[in-house]
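See below for the structure under consideration.
By convention in this document, chain letters (A, B, ...) are assigned in the order of the sequence lines, proteins followed by strands, and residues within each chain are numbered from 1. Just so we're clear, the structure is a prediction, and the values are computed from it rather than from any experiment.
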Amino acid sequence: MKIATFNINGVRARIETLTGWLSEAEPDVVVLQEIKCQDEGFPREPIADLGYNIETHGQKGFNGVAILSKLPLEDVTRGLPGDDTDEQARYIEATVVGHRALRVAGLYLPNGNPQPGPKFDYKLAWMQRLHDHARQLLATEMPVLMMGDYNVIPEARDAARPEKWLDDALFRPESRAAFRRILHQGWIEAVRLRDADGSRGPFTFWDYQAGAWQRDDGIRIDHVLLSPQAADLLIDLGIDRDERAKDKPSDHVPVWVDLDA
DNA sequence: ATGGTAGAGATTCTA
C-alpha cells in the first residue's frame, strides 16, 4: 500500500497539479496539507473521479488538511487533542483497512515565525500536544503513520544552506529538540532508514523566491514517522522531487512510503 | 541589506 504526504499549498488553485500527480503516482492514501479552503469548498469531484474517498478538515483561507484513500476510511477524527480552544485546522486521523489495518495521521505543524513571539509559543505548545498524543498512538501497538508538513528541519544536513536558517523557527534548537523528543518515544523516520549517513539532503521544500529551486536551495521539512509495527512493513519509500519542476508547482513535493499492508 | 513569490480574500496576512 502506497501512502503519501503532500503539502499542496492551495488545493483549489492547484487541483490540476494534484490530479496529474495522483494519476501518475497512483498512491492508495494521501494526506494533504494547506488545502486553504473550507470543507464545502474542497474540489471533491475530480479527486473522487480518480477513485478516492475524501475526508477533509478545512478552514477559511489558511491551513486545512485532508485524507484521500482508495480504500475505505474508518474512525475519522479531526483536530489535535489537548486544547479545545485551538481553532486552527491542522490535524486529521483515520484508519485504513487493507489486509491489515493502519492508523494514518496527517498533520500541518505550525510554522512558528517570527520567533521569538506568540506564533513560536503556539508552535512549541502544539508540538507538546503532538508529543502527548503520539505516545497514545504508539500505545495502541497498531501500525501507525504520523506524516505531514512538520515545519522542522531536523539537522543541518537537511538544509542546503543551514546557516541562513539559524534564526528561523523551522531550525531553532527548541523546535528540533521537540521533534527529537517525539522520535525518542520510538518513532522511526522513514527517509532516514534508507539514507542514514551524513550526506546533505534530500529536500522536500524549495521556496518560490530568489530562485531557490534553480539553485537547489532546499530544506527537508515533510516527514513520515512510522511506529515500529509500521516500520516492520516498509517495502520502499521516495520523494517525488520532479514535481517541483512542473507547471504551477506547490513549493513542497510529495513524500511516500510503500508498506506491506 | 534588501527583495525576491504565491494563495486567499480583502485592500493584508501567512508562509
Side-chain angles (χ1 to χ4, degrees), chain A residues 5-21 30-44 46-47 56-66 79-80 86-91 106-127 130 147-154 158-172 174-176 178-179 203-223 240-241 243-255:
Chain A
T5 175
F6 192 3
N7 181 323
I8 194 64
N9 188 21
V11 69
R12 288 179 294 181
R14 243 176 278 290
I15 185 62
E16 290 172 4
T17 302
L18 177 60
T19 54
W21 172 73
V30 184
V31 296
L32 296 176
Q33 303 88 40
E34 287 205 84
I35 64 174
K36 294 187 176 179
C37 63
Q38 299 178 88
D39 294 336
E40 55 270 33
F42 191 91
R44 303 182 66 91
I47 297 170
T56 62
H57 181 41
Q59 69 178 92
K60 191 175 180 179
F62 308 103
N63 306 325
V65 291
L80 181 64
D86 184 0
E87 297 189 345
Q88 299 194 30
R90 296 179 174 275
Y91 190 89
L107 64 94
Y108 177 47
L109 206 146
N111 175 295
N113 282 304
Q115 73 78 36
K119 291 186 178 180
F120 192 54
D121 295 342
Y122 174 65
K123 176 178 195 152
L124 295 179
W126 204 95
M127 293 187 83
L130 183 63
M147 56 204 304
D149 178 357
Y150 278 75
N151 269 316
V152 174
I153 303 167
D158 296 311
R161 296 168 58 195
E163 68 281 3
K164 91 174 188 189
W165 297 94
L166 289 173
D167 292 325
D168 194 287
L170 278 59
F171 195 53
R172 291 298 302 163
E174 299 92 328
S175 308
R176 297 164 60 197
F179 184 71
F203 306 131
T204 66
F205 169 94
W206 297 260
D207 201 284
Y208 291 118
Q209 301 182 67
W213 168 247
Q214 288 75 13
R215 298 162 186 256
D216 195 24
D217 183 7
I219 53 178
R220 192 175 69 93
I221 55 176
D222 300 272
H223 306 303
D240 289 347
R241 178 185 164 95
E243 291 302 307
R244 187 64 178 79
K246 294 186 176 172
D247 288 341
K248 209 167 165 58
S250 171
D251 40 6
H252 298 249
V253 296
V255 182

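Taking the 5' to 3' direction, DNA chain B first and last meets chain A under 4.0 angstrom from a heavy atom at B:dG4 to B:dA15.
When only modelled atom types and interatomic distance are considered, A:Asp149 and A:Gln33 share no side-chain donor-acceptor pair under 3.5 Å. Donor-acceptor pairing under 3.5 Å is lacking for the side chains of A:Asn111 and A:Lys123.
Under the salt bridge (Lys or Arg N to Asp or Glu O under 4.0 Å) criterion, A:Glu16 pairs with no residue at all, not counting sequence neighbours.
Summary of the strand contacts: A:Asn151 and A:Ile35 both lie near DNA chain B, and taking for each the nucleotide with the nearest heavy atom, the more 5' one is attributed to A:Ile35. Each of A:Gln38 and A:Asn113 was matched to the nucleotide of DNA chain B holding its nearest heavy atom; the match closer to the 5' end belongs to A:Gln38.
As rounded to the nearest Å, B:dA10 and B:dT14 have P atoms that lie 14 Å from one another. Comparing the same atom, P, in B:dG4 and in B:dG9 gives a spacing of 25 Å after rounding to whole Å. Rounded to whole Å, the P atom of B:dA6 lies 23 Å from the corresponding atom of B:dT2. For the C1' atoms, the distance from B:dG3 to B:dA15 is 16 Å, rounded to whole Å.
Counting any heavy atom pair closer than 4.0 Å across all strands shown, A:Phe205 reaches no nucleic acid atom. Within 4.0 Å (heavy atoms only), A:Arg90 reaches sugar-phosphate atoms of the nucleic acid but no base atom.
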Original post:
Run the side-chain contact (heavy atoms from CB on, under 4.5 Å) check on A:His223 and A:Val255 step by step: do they pass?
Top reply: CA-CA 7 Å; A:His223 306 303; A:Val255 182; over 6 Å; no

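Residue pairs meeting the salt bridge (Lys or Arg N to Asp or Glu O under 4.0 Å) criterion with at least one partner in residues 213-222 of chain A, sequence neighbours excluded, are A:Asp158-A:Arg220, A:Arg161-A:Asp217, A:Lys164-A:Asp217, A:Glu189-A:Arg220, A:Asp216-A:Arg241.
Residues A:Phe203 and A:Ala160 approach most closely at CZ-N, 3.4 Å, considering heavy atoms.
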